[in-house]
**Q** 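The structure is given below, and queries will be raised subsequently.
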Number of protein chains: 2
Amino acid sequence: MREQGIAIGALARRSGCRIETIRYYERIGLLPAPARQGRFRRYAGADAARLAFIRRARELGFTLDQVRALLRLAGADAAGGAGGPTVCADARELAAEHLAGVRARIAALRRMETVLAQTLRRCAAGESPDCPLIASLAGRPPP
Amino acid sequence: MREQGIAIGALARRSGCRIETIRYYERIGLLPAPARQGRFRRYAGADAARLAFIRRARELGFTLDQVRALLRLAGADAAGGAGGPTVCADARELAAEHLAGVRARIAALRRMETVLAQTLRRCAAGESPDCPLIASLAGRPPP
DNA sequence: CCTACGATCTGAAGTGACTACAGACGCAAG
DNA sequence: CTTGCGTCTGTAGTCACTTCAGATCGTAGG
């Protein structure tokens, strides 16, 4: 058995994470330190699965601390036993909180979008002597 | 003339920025170093107006670099002259780019929201043996 | 044989926009 | 006298990476 697992570059390609990100996750303890062949990291299937989990969670906008918690829950889940419903309830709570945050951010961005789009329309109309965007930022309200 | 201008705390209250933020803006050159009375900063009306401009721009989501550019444009605008239309066109371009970015971020957040809400519904239903959220993060797709 | 290349390694520093903290100063009221 | 307030300076911490400098290794080409 010469080559067990894959190199970090291969893992990066497979996972869509960058090499530096993978090493960063290792440094902060999100990924375990993998096996080494000489000085090179070699990743097994479990490592790749864990990284894929992290990546999906990140794509949903979870913070790394939340990902850490979700990984712990996933581990408790996989360990089996009667914890199942508790695990799901905990995960649900975490996700619900995160969803609320996402919705708040959407709302904030939409308010920005509305004002920006409105101001830009008045800019494009070009009826004012001074720039409506600059004017409204300067606190000279539109008539 | 004993007391010219207002103290940093008063400016913070008036502007809605925190004291530390005001000093931070000064450090990075977004606000000019104000006059001093002894060791205390004293802000004049122009400073307050500039800070208000910054704050409104930040509320619309512009980055500090964009705010810097907008301030320069506002200055050029106030200087008067034939630059007016050019200034407005530049500001419009800046804002249009920013608006596109805001819309992209809204779209990304909405994708997250959709997936999160969907998964949470399946979680709440509680029909699966394992947690649907954990399962989907682990790459075990829903049936 | 020498060299260039690609992949990897380590450790440190930079990003954006603040926020927090430590420790000192000066002035007024109690 | 001491307490408290408001301010000062300077430094470091946050989040999730990204970038950089400089070293090391095996292999392929000339």
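In the text below, chain A, chain B and the rest are named by the order of the sequence lines, each starting its count at 1. FYI, side chains are in, hydrogens and waters are out, and symmetry mates aren't considered; it's all heavy atoms of this structure.
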**Q** Can you give the first and last nucleotides of DNA chain C, 5' to 3', that have an atom under 4.0 Å from a heavy atom of chain A?
**A**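 From 5' to 3', the first and last contacting nucleotides are C/dT8 to C/dT10.
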
**Q** Would you say that B/Glu26 contacts B/Pro34 through its side chain, given a criterion of any heavy-atom pair below 4.5 Å between the two side chains?
**A**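 Answer yes - side chains close enough.
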
**Q** Answer yes when A/Glu59 and B/Arg111 have at least one side-chain N-carboxylate O distance shorter than 4.0 Å, and no when they do not.
**A**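 No, this pair does not count.
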
**Q** Do B/Arg50 side-chain atoms and B/Leu30 backbone N/O form a donor-acceptor pair below 3.5 Å?
**A**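 Pair found, side chain donor or acceptor close to backbone of B/Leu30.
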
**Q** Mind checking ring-ring contact (aromatic ring centres under 6.0 Å, His included) for A/Phe62 and listing every partner two or more places apart, or none if nothing turns up?
**A**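 Counting only residues at least two positions away or on another chain, A/Phe62 forms a ring-ring contact (aromatic ring centres under 6.0 Å, His included) with A/His98.
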
**Q** Within the side chain of B/Arg122, is there an N or O that forms a donor-acceptor pair under 3.5 Å with the backbone of B/Leu133?
**A**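 No.
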
**Q** Using five pairs at each end of the helix from C/dC1-D/dG30 to C/dG30-D/dC1 to define an axis, what is the angle between those two axes, to 10°?
**A**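 Angle reported: 30°, given to the nearest ten degrees.
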
**Q** Mind running a 4.0 Å heavy-atom check of residues 98-107 of chain A against DNA chain D and sending the residues that fall below it, in number order?
**A**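 Here the set is empty: none.
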
**Q** Would you say B/Arg42's side chain and B/Gly5's backbone share a donor-acceptor pair under 3.5 angstrom?
**A**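 Pair found, side chain donor or acceptor close to backbone of B/Gly5.
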
**Q** Using modelled atom types and a 3.5 Å cut-off, is there a donor and acceptor pairing between side-chain atoms of B/Gln66 and backbone atoms of B/Thr63?
**A**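 Indeed, once roles are kept as given, a pair shorter than 3.5 Å links the two residues.
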
**Q** Using atom types as modelled, flag every donor-acceptor pair under 3.5 Å from a side chain in residues 8-20 of chain B to any protein atom, sequence neighbours excluded.
**A**
{"unit_1": "B/Ser15", "atom_1": "OG", "unit_2": "B/Leu11", "atom_2": "O", "d": "2.8"}
{"unit_1": "B/Ser15", "atom_1": "OG", "unit_2": "B/Ala12", "atom_2": "O", "d": "3.4"}
{"unit_1": "B/Ser15", "atom_1": "OG", "unit_2": "B/Cys17", "atom_2": "N", "d": "3.1"}

**Q** Is a donor on one side and an acceptor on the other found under 3.5 Å between the side chain of A/Asp47 and the backbone of A/Ala44?
**A**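 Present.
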
**Q** To the nearest 0.5 Å, what is the distance between CG (A/Leu71) and CD1 (B/Ile134)?
**A**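 Separation between the atoms: 8.5 Å.
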
**Q** If the sugar-phosphate is the primed atoms plus P, OP1 and OP2 and the base is the rest, what is the B/S/- string for nucleotides 6-21 of chain D, using protein heavy atoms under 4.0 Å?
**A** BBSB------BBSB--

**Q** With rounding to the nearest 0.5 angstrom, report the CG to CG distance, B/Leu109 to A/Leu60.
**A**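 Taking CG in B/Leu109 and CG in A/Leu60, the distance rounds to 11.5 Å.
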
**Q** Taking it one step at a time, do A/Arg105 and B/Arg105 satisfy side chain to side chain contact (heavy atoms under 4.5 Å, CB included)?
**A** CA-CA 9 Å; A/Arg105 283 158 65 196; B/Arg105 284 158 65 198; over 6 Å; no

